[in-house]
Amino acid sequence: MPVPELRICLDEADLAAAMRFDARRGLTSSPKYLPMRLHYDGRGATLFGELTRQPEYYPTRCEREILSGRAADIAAAVTAAAPVSVVELGAGLAEKIRPVLDAMHERGRLESFWPFDVDASTVRDVLLDLATAYPDTDLGGIVGDFTLHLQHLPDHHDSRLVAFLGGTFGNFTGMERGQFLRDLREALRPGDWFLVGADLVKDPEVILAAYSDAAGVTAEFNRNVLYVLNHRLDADFEPENFEHIALWDAGTATVDMRLRALKPMTVDVAGIELDISFAVGEEIHTGISTKFHRGELENQLQASGFELVHCWTDSQGYVGVFLAKVA
Ligand code: SAH
Ligand code: AVI
């Protein structure tokens with residue numbers, strides 16, 4: 001069994017420097033903000049897994065329905081001409097892609113699989129797990145930031161399928177999304193594929209319930225960013241002094257997540273020698289989750305140099321999985 005190659009584009013020192021930069025910039029801005037990638041340490045990944053199992057959080061359930069039901073179609077479309085190497089961006093535990101990998105593997109057309117994630121331990125765990133499931137397939141992992149390191153995608157002679165699932169594509173702002181698509185297009189060659197999962201616009205009540213589940217798991221996931229700053233930057237946030245807020249902005253079709261201070265306080269972020277004051281009710285913006293109109297996303301993919309081949313939705317029409325080919 002070949003040993004998986006691990007490409008580290010972001011080591012511990014880089015991560016620590018990026019975190020110091022993000023915290024200083026975000027907490028001294030008005031309004032205060034913290035980028036979404038800061039949520040995912042080990043505890044954040046566990047809480048994310050737990051929130052995806054809450055009854056209100058439909059995106060995971062719906063995307064899984066599509067990927068399980070359409071795995072054979074996806075495998076047939078992308079491997080019709082030749083075997084492919086699959087890279088999954090923001091792979092997490094790489095669970096939802098498995099039916100697609102299985103379908104390619106059964107056809108003898110899975111050349112290699114590369115999970116790509118900012119969290120090194122997640123990438124290592126996934127590779128251990130997959131080595132048993134696909135002993136005859138080349139495996140590799142990339143530890144990096146998909147907004148910075150797309151030029152490090154594996155560059156074999158075979159064609160590549162880049163999967164970006166879970167609606168993480170919706171966590172970009174509009175400008176970040178445009179830049180990401182340009183970077184991805186530049187990193188790929190004609191004949192490569194892009195499989196992207198996106199949450200679709202629907203009844204705002206259904207959407208908002210998914211971001212404020214009754215058990216409070218999303219709230220704890222949101223507050224985790226403060227635990228991360230406590231652990232990594234020696235801050236003294238008391239997370240219970242912040243309330244989780246999720247707002248629907250119909251104009252931009254986004255869920256806007258925030259942490260609202262329940263009392264006035266000053267927080268010491270010792271690792272960057274910064275004291276930050278909060279007024280009661282003051283908010284930290286902690287991320288957005290954009291929902292898409294199908295046609296709008298298709299147009300954006302096409303305008304970025306991708307040719308749309310298929311779009312599948314789940315039985316409720318809540319989530320879309322788009323398969324595009326580099327034109
Ligand atoms: N694809 C999985 C996990 C989605 S959660 C699913 O569908 O359930 C988002 C994942 O993206 C996390 O594993 C997180 O660590 C990773 N991530 C977030 N920002 C990232 C970035 N900038 N670069 C690389 N990975 C990132
Ligand atoms: C990872 N990402 C797609 C999740 C989402 O639905 O936007 C992150 C999340 N934040 C709170 N709940 C889920």
Side-chain angles (χ1 to χ4, degrees), residues 7-10 14-15 18-19 22 34-54 56-64 66-67 87-98 100 114-123 125-126 141-150 152-153 162-172 176 179-180 183-184 195-200 207-213 215-225 228 244-247 253-259 286-292 318-319 321:
R7 294 189 185 169
I8 311 267
C9 308
L10 202 58
D14 299 326
L15 262 177
M19 197 169 284
D22 285 343
L34 290 167
M36 199 115 191
R37 63 179 167 271
L38 289 184
H39 287 70
Y40 297 96
D41 63 341
R43 182 174 182 269
T46 304
L47 283 167
F48 178 74
E50 210 180 307
L51 84 81
T52 63
R53 293 187 287 275
Q54 297 309 301
E56 297 93 334
Y57 196 75
Y58 61 84
T60 299
R61 205 169 49 244
C62 296
E63 199 179 48
R64 192 170 280 143
I66 301 168
L67 292 166
V87 184
E88 185 178 3
L89 305 179
L93 295 176
E95 283 171 341
K96 280 184 277 169
I97 193 75
R98 287 291 287 271
V100 178
W114 292 71
F116 181 134
D117 205 283
V118 73
D119 185 33
S121 59
T122 302
V123 174
D125 289 352
V126 169
I142 304 176
V143 178
D145 183 332
F146 49 57
T147 64
L148 297 174
H149 301 125
L150 290 179
H152 298 291
L153 296 184
V162 174
F164 197 20
L165 303 175
T168 306
F169 183 67
N171 296 136
F172 291 134
E176 288 166 344
Q179 186 62 50
F180 169 83
D183 291 348
L184 182 63
L195 184 73
V196 58
D199 196 4
L200 302 176
I207 296 174
L208 272 183
Y211 291 85
S212 22
D213 60 274
V217 184
T218 302
E220 205 45 32
F221 172 73
N222 197 8
R223 280 191 285 264
N224 189 57
V225 71
V228 171
H244 164 70
I245 305 285
L247 303 168
T254 52
V255 177
D256 198 340
M257 280 163 278
R258 301 173 184 188
L259 288 170
T286 50
I288 58 163
S289 194
T290 304
K291 312 304 166 192
F292 296 89
Y318 279 6
V319 165
V321 171

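All ligand and atom numbering here is 1-based and tracks the order in the structure. Note that the structure is a prediction, hence the values are computed from the model and not measured.
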Atom indices of ligand 1, in the order listed, that fall short of 4.0 Å to a heavy atom of Gly166 = 7 (O)
inquiry  = Checking the N or O distance criterion of under 3.5 Å, is ligand 2 in contact with Lys291?
reply    = no
ask   = When you measure from atom 8 (C) of ligand 2 to every protein heavy atom, which one gives the shortest distance, and what is it?
value = Met36 CE, 3.6 Å
request  = Report the distance from atom CE of Met19 to atom CZ of Arg37, rounding to the nearest 0.5 Å.
outcome  = 9.5 Å
Distance-only donor-acceptor check, side chains Asp117 and Thr122, under 3.5 Å = no
For Met257, atoms of ligand 2 separated by under 4.0 Å from a heavy atom = 10 (N), 11 (C)
message = Using a 3.5 Å cut-off on N or O atoms only, is Thr168 in polar contact with ligand 2?
response = no
task = Verify the distance criterion only: is there a donor paired with an acceptor across the side chains of Asp183 and Gln179 at less than 3.5 Å?
result = yes
request  = Check whether any heavy atom of Gly144 sits under 4.0 Å from an atom of ligand 1.
outcome  = yes
query = What part of His39, side chain, backbone, both or neither, has a heavy atom within less than 4.0 angstrom of ligand 2?
reply = neither
ask   = Any idea which of Gly90, Gly287, Pro59 brings a heavy atom closest to atom 11 (O) of ligand 1?
value = Gly90
task = Mark the output for Asp145 as yes if a heavy-atom distance to ligand 1 is under 4.0 Å, and as no if none is.
result = yes
ask   = With no hydrogens and no angle check, is any side-chain donor or acceptor of Thr286 less than 3.5 Å from a backbone partner on Met257?
value = yes
remark   = atom 23 (N) of ligand 1 sits nearest the protein heavy atom Phe146 N, 2.9 Å
query = Will you find, in the side chains of Asp145 and Thr147, an N or O donor that is under 3.5 Å from an N or O acceptor?
reply = yes
remark   = Logged contact type for Lys96 with ligand 1, heavy-atom cut-off 4.0 Å, is side chain
query = Mind checking whether Glu88 has a heavy atom under 4.0 Å from ligand 1?
reply = yes
message = Between ligand 1 and Phe48, is the shortest N or O to N or O distance under 3.5 Å?
response = no
query = Can you tell which part of Ala45 has a heavy atom less than 4.0 Å from ligand 1: side chain, backbone, both or neither?
reply = neither
task = Enumerate the atoms of ligand 2 whose separation from the nearest heavy atom of Gly166 is less than 4.0 angstrom.
result = 3 (C)
message = Over 60° means perpendicular and under 30° means parallel, so tell me whether Phe169 and Phe172 are parallel, tilted or perpendicular.
response = perpendicular
message = Quick check against the 3.5 Å criterion: does Arg258 have a side-chain atom that pairs as donor or acceptor with the backbone of His244?
response = no
task = Below 4.0 angstrom from a heavy atom of Thr218, which ligand 2 atoms are there? Numbered from 1 as shown, please.
result = 11 (C), 12 (N)
message = So does Gly166 get a backbone contact from the side chain of Glu63, meaning a donor-acceptor N/O pair under 3.5 Å?
response = yes
query = Ignoring hydrogens and geometry, is there a side-chain-to-backbone donor-acceptor pair from Asn224 to His39 under 3.5 Å?
reply = yes
query = Are Thr60 and ligand 1 in contact, using a heavy-atom cut-off of under 4.0 Å?
reply = no
request  = Pull out every atom of ligand 2 sitting under 4.0 Å from any heavy atom of Ser289, numbered as shown with elements.
outcome  = 5 (C), 6 (O), 7 (O)
inquiry  = Walk me through whether Glu56 and Arg61 qualify under salt bridge (charged side-chain N to carboxylate O under 4.0 Å, His left out).
reply    = CA-CA 10 Å; Glu56 297 93 334; Arg61 205 169 49 244; over 6 Å; no
remark   = Quick note on ligand 1: atoms under 4.0 Å from a heavy atom of Ala91 include exactly 1 (N), 2 (C)
query = With distance as the sole test, does Asp256 use its side chain to make a donor-acceptor pair with the main-chain N or O of Ile288 at under 3.5 Å?
reply = no
Option of least heavy-atom distance to atom 19 (N) of ligand 1 (set: Met36, Arg37, Glu176) = Arg37
note = The answer for which part of Tyr40 has a heavy atom under 4.0 Å from ligand 2 is side chain
ask   = Does the side chain of Tyr58 come under 3.5 Å of the side chain of Asp199 through a donor N or O and an acceptor N or O?
value = yes
message = So for Phe169, does at least one of its heavy atoms come nearer than 4.0 angstrom to any atom of ligand 2?
response = no
request  = List every atom of ligand 2 that sits less than 4.0 Å from any heavy atom of Tyr57, numbering the atoms from 1 in the order shown and giving each element.
outcome  = 4 (C), 5 (C), 6 (O), 13 (C)
query = Which atoms of ligand 1 sit under 4.0 Å from any heavy atom of Gly92?
reply = 13 (O)
remark   = Among Leu89, Asp117, Thr168, Asp119, the residue with a heavy atom nearest to atom 15 (O) of ligand 1 is Asp117
ask   = If you count the atoms of ligand 2 from 1 in the order shown, which ones are under 4.0 Å from a heavy atom of Tyr211?
value = 5 (C), 6 (O), 7 (O), 11 (C), 12 (N), 13 (C)
task = Test Phe221 against Tyr57 for ring pair (Phe, Tyr, Trp, His ring centres under 6.0 Å), laying out the working first.
result = CA-CA 13 Å; Phe221 172 73; Tyr57 196 75; 9.3 Å; no
remark   = Within 4.0 Å of some non-hydrogen atom of Gly167, the atoms of ligand 2 are 3 (C)
request  = Examine the proximity of ligand 2 to Asn171 and report which part, side chain or backbone, both or neither, has a heavy atom under 4.0 Å away.
outcome  = side chain
query = Can you tell me if Gln54 uses its side chain to pair, donor with acceptor, with the backbone of Glu50 under 3.5 Å?
reply = yes
Glu95 vs Arg98, salt bridge (charged side-chain N to carboxylate O under 4.0 Å, His left out): CA-CA, chis, key distance, verdict = CA-CA 6 Å; Glu95 283 171 341; Arg98 287 291 287 271; over 6 Å; no
key: Contact summary for Val319 and Cys62, nearest pair of heavy atoms   = CG2-CB, 3.7 Å
